[in-house]
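Below you'll find the structure, written out as structure tokens, and then a few comments.
Keep in mind the model is a prediction, meaning the values are calculated, not measured.
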Amino acid sequence: MLGVDSLVVLGLATLSLGTIQESNGEVERSFWLRNCGTEAVALVQGYTSCGCTTIQFTKDKVIAPGDSTCVTLRFNPQGKGGEFLETGTVVYSPNRKRLHLSLEGTCITSEETLMRQFPIRIDDGLRLSTDRFDLGRMSVGETKERSVIVLHRDEHNRQECLPVTFTVEGKHGKGLQHISHPVTIREGEKAIKVNIMLDVFIK
């Protein structure tokens, strides 16, 4: 009878960190994996979805059927803000199967990080991630969409994704154009008009 290699997570494969503060530094959680197969396995490789997250385990340690091992994910919130979901992947032999582990939560950033992430000030209560996009080469009738992230300076520093959709019309002319494109931000009962500059080469 052929052996079966099967590694499973004991408990949840995605752990919530809840709300964390950037200023408090790295956060880590451990996951326990059990070999539920009939063949010994070994963790041979690990990688993560982002450089802000690292994965740690004993590489090439043999895990016999029925035995368990620990894998740790460590998340560094520096420069991060808002909701996050970061994944670590473990590759195990002999058949190079993969097992995914994740950390999720919400990061409250420092004031310095917020200013770097949202450098464009509209007023005391609103900031933008950018006010300019390079759309490259486009033809008449072609549409492209980008997104501006809006920071609402309330008690939660709420963030909103605002789509910027642009379609080339005949009136825009040929060659390199710098087009002021209006978007509307809703702030309570107010509608605030903001212009986003689009750099586009129209063919």
Side-chain angles (χ1 to χ4, degrees), residues 13-24 27 47-53 73 75-89 100-203:
T14 298
L15 297 180
S16 175
L17 298 179
T19 299
I20 63 173
Q21 298 285 338
E22 178 190 16
S23 58
N24 290 341
V27 183
Y47 54 89
T48 60
S49 55
C50 173
C52 63
T53 306
L73 286 185
F75 173 66
N76 184 347
Q78 184 175 359
K80 297 288 182 176
E83 295 182 351
F84 62 86
L85 174 64
E86 301 299 341
T87 300
T89 300
H100 304 292
L101 310 167
S102 300
L103 298 175
E104 65 178 6
T106 301
C107 179
I108 305 300
T109 59
S110 67
E111 190 68 14
E112 181 183 354
T113 296
L114 280 176
M115 294 307 100
R116 286 200 308 268
Q117 292 175 332
F118 299 94
I120 310 302
R121 180 185 179 278
I122 303 304
D123 59 31
D124 289 342
L126 287 176
R127 298 183 74 92
L128 303 181
S129 58
T130 186
D131 62 355
R132 193 172 199 123
F133 289 104
D134 183 353
L135 299 182
R137 301 172 72 86
M138 295 180 68
S139 303
V140 174
E142 186 178 352
T143 298
K144 286 187 179 179
E145 185 173 296
R146 298 292 185 266
S147 293
V148 172
I149 308 300
V150 181
L151 175 68
H152 298 265
R153 299 306 308 269
D154 53 27
E155 60 178 315
H156 301 293
N157 281 323
R158 180 171 56 90
Q159 296 179 23
E160 171 191 8
C161 184
L162 189 69
V164 179
T165 304
F166 174 69
T167 301
V168 178
E169 301 175 7
K171 65 179 182 180
H172 289 126
K174 300 290 185 180
L176 181 62
Q177 305 290 329
H178 306 289
I179 299 167
S180 181
H181 184 74
V183 295
T184 301
I185 302 171
R186 296 285 174 184
E187 184 73 357
E189 297 296 317
K190 274 194 309 185
I192 300 173
K193 299 281 188 182
V194 176
N195 289 321
I196 305 295
M197 187 61 68
L198 305 177
D199 301 322
V200 55
F201 188 91
I202 300 175
K203 297 182 283 186

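With contacts defined as side-chain heavy-atom distances shorter than 4.5 Å, the pair Met115/Arg127 qualifies. Contact annotation: the side chain of Val183 never approaches that of Val148 to less than 4.5 Å [non-hydrogen atoms, C-beta and beyond]. Taking the side chain as every heavy atom from C-beta outward, Lys174 and Val140 approach each other to under 4.5 Å. Side-chain contact between Glu86 and Leu73 is absent, with no heavy atoms from C-beta onward closer than 4.5 Å. You'll find the side chain of Lys80 stays beyond 4.5 Å of the side chain of Glu22, heavy atoms only. Arg132 has its side chain within reach of Asp199: a pair of non-hydrogen atoms, C-beta onward, lies under 4.5 Å apart. The shortest side-chain heavy-atom distance between Leu135 and Val168 does not fall under the 4.5 Å cut-off.
In this structure, SG in Cys52 is found 8.5 Å from CZ in Phe84, a value given to the nearest 0.5 Å. Considering CD of Gln21 and OG1 of Thr109, their distance stands at 9.0 Å, rounded to 0.5 Å. With rounding to the nearest 0.5 angstrom, the CD atom of Glu160 is 9.0 Å from the CD1 atom of Ile149. The CD1 atom of Ile196 lies 13.5 Å from the CD1 atom of Ile179; values are rounded to the nearest 0.5 Å. The CD atom of Glu104 lies 9.5 Å from the OG1 atom of Thr87; values are rounded to the nearest 0.5 Å. From Glu83, atom CD reaches atom OG1 of Thr19 across 9.5 Å, with rounding to the nearest 0.5 Å.
Annotation: Glu145, atom CD; neighbour count of heavy atoms from other residues, nucleotides and ligands within 6.0 Å is above 12. In Gln78, the CD atom is not crowded: 12 or fewer heavy atoms of neighbouring residues, nucleotides or ligands sit closer than 6.0 Å. No more than 12 heavy atoms of other residues, nucleotides or ligands lie within 6.0 Å of CZ in Arg186, so this atom counts as exposed by the packing criterion.
Taking the six-membered ring where tryptophan is involved, the planes of His181 and Phe166 are perpendicular, since the angle between them exceeds 60° and thus also 30°.
Among all heavy-atom pairs drawn from Pro77 and Cys107, the shortest one is CB-SG, 3.6 Å. Between Phe201 and Leu176, the shortest heavy-atom contact is CD1-N, 3.6 Å. Taking all atoms of both residues into account, the shortest heavy-atom contact from Ser102 to Leu85 is CB-CD1, 3.8 Å. In terms of heavy atoms, Ser139 sits closest to Lys203 at OG-CE, 3.1 Å.
Remark: of the listed residues Ile122, Ile192, Ile120, Leu162, Leu162 is the sole one forming a side-chain contact (heavy atoms from CB on, under 4.5 Å) with Val150.
The residues Glu111 and Arg153 are annotated as salt-bridged, a charged nitrogen and a carboxylate oxygen being separated by less than 4.0 angstrom.
Between the side chain of Glu142 and the backbone N or O of Ile202, no donor-acceptor pair lies under 3.5 Å.
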